[in-house]
Number of protein chains: 2
Amino acid sequence: MGTTRLETVPEPKYWHLKTVLSEALDSEFAVGEILPNERELAARFGVARATLRQALEQLELEGRLQRRRGVGTTVAPPRVGVDVNPVRHSWPGAPGDAWQTEDCEETAPPVAVAGALGAEAGRPVYAVHRVRMAHGQAVATETLYVPAASVPGMSGIGTEAGAARGRAVLRELNRLELGGQDRAVELGSARAEDARRLDRLPGAPVLVVTTRYLAAGGTAAVALSTYRADTCRLTFGDSAGVSLLAS
Amino acid sequence: MGTTRLETVPEPKYWHLKTVLSEALDSEFAVGEILPNERELAARFGVARATLRQALEQLELEGRLQRRRGVGTTVAPPRVGVDVNPVRHSWPGAPGDAWQTEDCEETAPPVAVAGALGAEAGRPVYAVHRVRMAHGQAVATETLYVPAASVPGMSGIGTEAGAARGRAVLRELNRLELGGQDRAVELGSARAEDARRLDRLPGAPVLVVTTRYLAAGGTAAVALSTYRADTCRLTFGDSAGVSLLAS
DNA sequence: CGGCCCATTTGGTCAAGACCAATCCGACCC
DNA sequence: GGGTCGGATTGGTCTTGACCAAATGGGCCG
């Protein structure tokens, strides 16, 4: 990464800058390596720091960079493929399960959730909070909403601790005959609560996955999952889901 | 939306601002309505224009707003659900097909694509370019890579026009026994070419879908699709994929 | 030695102002 | 009537400069 000056070009400076940096990342830096700090990079390219940051933000959005206040900007490893179609036996307690149940509360569901649950609207639900780990870091949070009426075996542990109670809900739900799933994926920004769990700043880009678990009687449960968009590639199906983005 | 002043808060101003604006959008604005311009909004909230823009960018990322230079900032309609699991008969020519084939070229595939195609690496492929329409606007672009050897019936129309040639490739591909698909979804930023087709600025956030079409002999084709992240909610399965994000 | 504290480093936030470029629309001319 | 030119409007880009907050690491103190 030399002391290349930007010329007057029809395209925005930050866009050109992003291209230059991207090529430099490919050829001159190793994963995990730390870049010069923003003030020095800006000076080296002859642009304002704000302009440089615009380029860095794009690269971070694409999962090429990782920035941490007080530490620096490092080259990010390739995105990790995360299967959103976990086979049934990978639910809590089973081997290979990457989800960690953290809490469970009995509450009135948000309106959107109540609507998705159909006839069960307005009735109390269990909200089970889970976190998904990959490579030692949290990559996703999830809230699973289960109508209380669907898991009748729960009455015995009404006041138990959150995590254990959540595992019990999932165990009961696992006993039901589930007829399939129904998913949607969209872009969102992390709420303060999710950002904290994912070790990100509020507003960080996340992939929001909405799942409906279907049963004979209708919708057995719905889940709202948020995956770190910078580090995750969501896969559907058996393979690892090769990325063609490098092309 | 009154002349509310921001107080000194522990959270960033743009974050608070985003919350205030978001609530105002829910209660005081209709879809399609145009907001006051950025300079006036900034003055009204007593912040710098850059700070206001940070809040607007977040809201645009979440699909709440739509901004167009020279026009203004308008309230965006809810995201449109787009099924990425099109049934087979919806391929070109069939009724209900939202894809429009635009061009087709015979070329050497990018390395990432060659790798995904396995044994066919290095061999020439057809690159079919398509655009997906929804509600009268382009919401996705796609490049489908098919090994030339897989569609032998093409020799007769080698020099034909792009779009017609592309449709022929798809028709031939459709004759093969396809064994299923394999998908991955990740966040990306629109390349200049895709941005132009999607009526967005370069770097706009997109959902990148990588699809492998499987056949008996291995991978029959791969597709790289980019969906407008601001306007699309990708759905998998039969239902419309209700969004719980409003909660 | 062990733990606390503080200066340094680094990215994050914010301000004020300038100019650029896409768009729109009315005035004008043919 | 219809096309064309030109300002006015609006979001997009860029600069300079300042301060804030998380993280680190070295040094001091018990």
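The chains referred to below are lettered A, B, ... by the order of the sequence lines, with proteins before strands, and numbering in each begins at 1.
The CZ atom of A/Arg200 sits 14 Å away from the P atom of C/dG11 (whole-angstrom rounding). Atom-to-atom, CD of B/Glu11 to P of C/dC14 comes out at 10 Å; the value is rounded to the nearest Å. Counting to the nearest Å, the C1' atom of C/dG12 and the NE2 atom of B/His16 are 19 Å from each other. Protein atom CD of A/Gln58 is 13 Å distant from nucleotide atom P of D/dG12, rounded to whole Å. Protein atom CZ of B/Arg196 is 18 Å distant from nucleotide atom C1' of C/dA21, rounded to whole Å.
Proximity note for A/Arg69 (side chain, C-beta onward) versus D/dT15, C/dT10, D/dA23: the nearest is C/dT10. The side chain of B/Gln54 sits closest to C/dT13 out of D/dT16, D/dA23, C/dT13.
Dashed line: the shortest gap from a side-chain N or O of A/Arg39 to OP1 or OP2 of C/dT10 is not under 4.0 Å. Using a 4.0 Å cut-off, some side-chain N or O of A/Arg53 falls inside it from OP1 or OP2 of C/dG12. Note on A/Tyr14: every side-chain N or O is 4.0 Å or more away from OP1 and OP2 of D/dC14. Contact annotation: A/Asn37 reaches the phosphate of C/dT10 (side-chain N/O to OP1 or OP2, under 4.0 Å). Between B/Thr51 and C/dA15, a side-chain N or O to OP1/OP2 separation shorter than 4.0 Å is present.
Within the nucleic acid shown, A/Ala50 comes within 4.0 Å of at least one base atom, counting heavy atoms only. At the heavy-atom level, A/Arg68 lies under 4.0 Å from the strands shown only through sugar-phosphate atoms.
Of all the heavy atoms in A/Leu187 and A/Val206, the pair that sits closest is CD1-O, 3.4 Å.
Taking a cutoff of 4.0 Å between a charged side-chain nitrogen and a carboxylate oxygen, B/Arg191 and A/Glu62 do not qualify as a salt bridge.
Toward the 5′ end of DNA chain D lies the nearest nucleotide of A/Trp15, the other residue of the pair A/Trp15 and A/Gly70 mapping further downstream. The residue among A/Gly72 and B/Ala48 whose nearest nucleotide of DNA chain C lies closer to the 5′ end is A/Gly72. Between B/Pro202 and A/Asp199, the residue anchored nearer the 5' end of DNA chain D, judged by the nucleotide with its closest heavy atom, is B/Pro202.
Looking only at distances, a side-chain donor or acceptor of B/Arg183 sits under 3.5 Å from a matching main-chain atom of B/Val84.
In summary, of the residues considered (A/Arg69, A/Arg228, A/Arg68), a salt bridge (Lys or Arg N to Asp or Glu O under 4.0 Å) with A/Asp199 occurs for A/Arg68 alone.
The aromatic rings of A/Tyr227 and A/Trp99 sit perpendicular to each other, their planes meeting at more than 60°, with 30° as the lower class boundary.
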